[in-house]
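Before any comments, here is the structure.
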Amino acid sequence: MLSLNFIRENTQEVIDRLSIKNFNGVEIIARIVELDNQRRETQKKLDDSQSQSNILAKEIGTLFQAGKIAEANRLKETTGELKAQAKEFDLALENIKIELEEILIRVPNLPHASVPLGKTPEDNIIVAAEGEAKPAAASSVPHWDLATRYDIIDFNTGNKITGAGFPLYKGKGARLQRALINFFLEEALKAGYTEVQPPYLVNAASAYATGQLPDKDAQMYHAGLDDLYLIPTAEVPVTNIYRDTILKSQDLPVKNVAYSACFRREAGSYGKDVRGLNRLHQFDKVEIVQISHPDQSYKILEEMRNHVTGLLRKLELPFRALKLCGGDMSFTSALTYDMEVWSSAQARWLEVSSVSNFESFQSNRLKLRFKDETGKMQTAHTLNGSALALPRIMAALLENNQTKDGIRIPGVLVPYAGFEEIN
RNA sequence: GGAGAGAUGGCAGAGUGGUCGAUUGCGGCGGUCUUGAAAACCGUUGACCUGCAAGGGUCCGGGGGUUCGAAUCCCUCUCUCUCCGCCA
């Protein structure tokens, strides 16, 4: 969430920048400022009345000790009034705070100055492209048919065990998954990330802190008996490592990488988008997370995008990078790059990574701060990116590397997979 | 799942109704001494809200209560530890 101070001091700028995300903030921001003024006034009244109570309580204590019982009892009568008054202010303050919080969490993050205007994915800007996005050849087979032909992914059995969107990987399919996970983790280690293995279920406080709650709760599986959520991405548990934390400036940047399974309900998806591996309820992903000094976060965002670019190059996949327009960005992000690989048999781009800078939006909710060089408390910036999500990489590898004899495995994966071809 | 014990500042650990935001030790920071360092000694060292400031207010796991006054008493929730049971 945005900080109250920033909203107060930059009211018009906040409204203007929100409009780039196609969010009309005129009324909501005005209400926030109004509530914050009320909060300050009420807080002052409460403080004053408590201050008086404290003084009286001390006096009474002294009187009792001095044996002046009658005088003490007289003072006691005045405190009753003060107490009732304080209770009233306290209640009013509580209500103001609740309303303020409820409104504040519904305001999206401000987009970075470089975010392009736009409403739909068509308005995203291509900032890089490599490799040849060939049109589908007549002989090209989509990955869902290749999966069956070579018996490496069994969608029907996954259907039987659980339901649609939960495929069963078999034989070289399963081994290729494992190879990809290890390849991605090793590359991240080489880039200086520290590997962590997080829980796959999180509590509501964690889901709230990274922004999945309250606005995206329909996208998460919920274990109702224990009130826990299955993670939609490792971003949630990994970023929450640093919830309610004060880091030292020399700890920054924090670089973590985690492999996890991810679970998404994907309510409302249909058609060719969900065919085969294109969109699953359970999938594997290696996620990189960084916590940075505010001055460094955009430099680090580029570093993270370069890391993902390097992975796609090594996998020999045609790809492009998009800078998302205001309308296509997530609620929490200030700047997002999407990375897409070309799927030759489907003749379409598939999103395999999303790299974002959240600036202090998550940190404000997380209460993630650090002491800077001068000992001053500052809010840190958080960033994350997929490096990478497996299913669509798998889809592109199968489709782009198919020959009449089998599927060629990129050289970089062979040591991890232990085979050169699926046939 | 059953029984018991506990939760205090970065950490360890006192405090069981009034002057306690909290003794002390360790750690951190600054200084003296030293060519430098160690040791020793001295000083300093939490967060949040509010205010130009002085100051005021809140916080001893969370929430509620008793009291003029709560870290301290009561209720409740959460978590941790020990023992038993079950188990990868």
Side-chain angles (χ1 to χ4, degrees), chain A residues 1-9 32-105 197-209 213 223-229 237 240-252 254 261 291 360 363-380:
Chain A
M1 62 185 167
L2 301 176
S3 89
L4 273 172
N5 280 338
F6 189 84
I7 294 175
R8 286 179 71 85
E9 284 160 25
I32 286 171
V33 173
E34 185 190 334
L35 280 169
D36 190 44
N37 285 333
Q38 284 179 25
R39 179 184 66 92
R40 282 167 199 239
E41 279 168 32
T42 313
Q43 176 85 59
K44 180 93 181 82
K45 287 182 193 161
L46 175 65
D47 285 358
D48 287 347
S49 118
Q50 277 179 323
S51 175
Q52 285 184 50
S53 298
N54 287 344
I55 292 165
L56 277 179
K58 263 180 198 161
E59 275 178 38
I60 292 167
T62 324
L63 288 173
F64 270 125
Q65 272 166 357
K68 299 177 181 168
I69 312 291
E71 229 172 302
N73 282 330
R74 212 170 312 129
L75 277 182
K76 268 191 183 184
E77 283 164 30
T78 18
T79 56
E81 204 177 309
L82 275 173
K83 217 176 143 183
Q85 211 181 42
K87 193 139 200 164
E88 222 170 274
F89 292 141
D90 194 34
L91 198 69
L93 186 64
E94 202 47 47
N95 286 332
I96 292 167
K97 278 183 174 172
I98 288 169
E99 191 183 345
L100 192 54
E101 178 84 357
E102 272 174 6
I103 295 178
L104 207 52
I105 58 174
Q197 233 180 54
Y200 286 5
L201 283 90
V202 295
N203 54 33
S206 292
Y208 172 83
L213 289 179
L225 201 56
D226 296 293
D227 194 21
L228 296 172
Y229 295 86
N240 269 282
I241 295 171
Y242 305 97
R243 173 152 52 89
D244 293 319
T245 297
I246 300 172
L247 297 167
K248 297 185 188 112
S249 66
Q250 64 263 31
D251 296 334
L252 302 178
V254 171
I291 294 161
S360 55
S363 294
N364 280 330
R365 286 199 194 185
L366 287 159
K367 293 200 184 74
L368 163 55
R369 291 161 298 167
F370 71 99
K371 271 205 169 117
D372 68 16
E373 306 72 24
T374 64
K376 227 185 90 197
M377 206 63 88
Q378 285 201 50
T379 310

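In what follows, chains carry the letters A, B, and so on, assigned in the order in which the sequence lines appear, proteins first and then strands, with residues in each chain numbered from 1.
- In this entry B:U34 has no Watson-Crick or G-U wobble partner, no candidate having both defining distances under 3.5 Å.
- Spacing between atom NZ of A:K248 and atom C1' of B:G27 amounts to 9 Å, rounded to whole angstrom units.
- Nucleotide B:A88 has no partner under the Watson-Crick or G-U criteria, as no pair reaches both atom distances under 3.5 Å.
- Base-pair partner of B:U78: B:A7 (Watson-Crick or G-U wobble, both distances under 3.5 Å).
- Across all strands shown, B:A14 remains unpaired; no Watson-Crick or G-U wobble contact has both distances below 3.5 Å.
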Report all interatomic pairs (protein N or O, nucleotide N or O of nucleotides 16-18 of chain B) with separations under 3.5 Å.
residue, atom, partner, partner atom, Å
B:G18, N2, A:A57, O, 3.0

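- Pairing for B:U67 is absent, judged as Watson-Crick or G-U wobble with the two contacts each under 3.5 Å.
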Pick out the pairs of N or O atoms, protein on one side and nucleotides 47-51 of chain B on the other, that lie under 3.5 Å.
residue, atom, partner, partner atom, Å
B:A47, O3', A:R369, NH1, 3.2
B:C48, OP1, A:R369, NH1, 2.9
B:C49, O3', A:R39, NH1, 3.2
B:C49, O2', A:Q43, OE1, 3.3
B:U50, OP1, A:R39, NH2, 2.7
B:U50, OP1, A:R40, NH2, 3.4
B:G51, OP2, A:R40, NH1, 3.1

Got a list of protein N/O to nucleotides 74-80 of chain B N/O distances below 3.5 Å?
none

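- Within 4.0 Å of A:D48, counting heavy atoms only, lies no atom of the nucleic acid at all.
- The CD atom of A:E101 sits 9.0 Å away from atom CG of A:L4, with the distance rounded to the nearest 0.5 Å.
- Remark: P of B:U58 and CD of A:E94 are 15 Å apart, rounded to the nearest angstrom.
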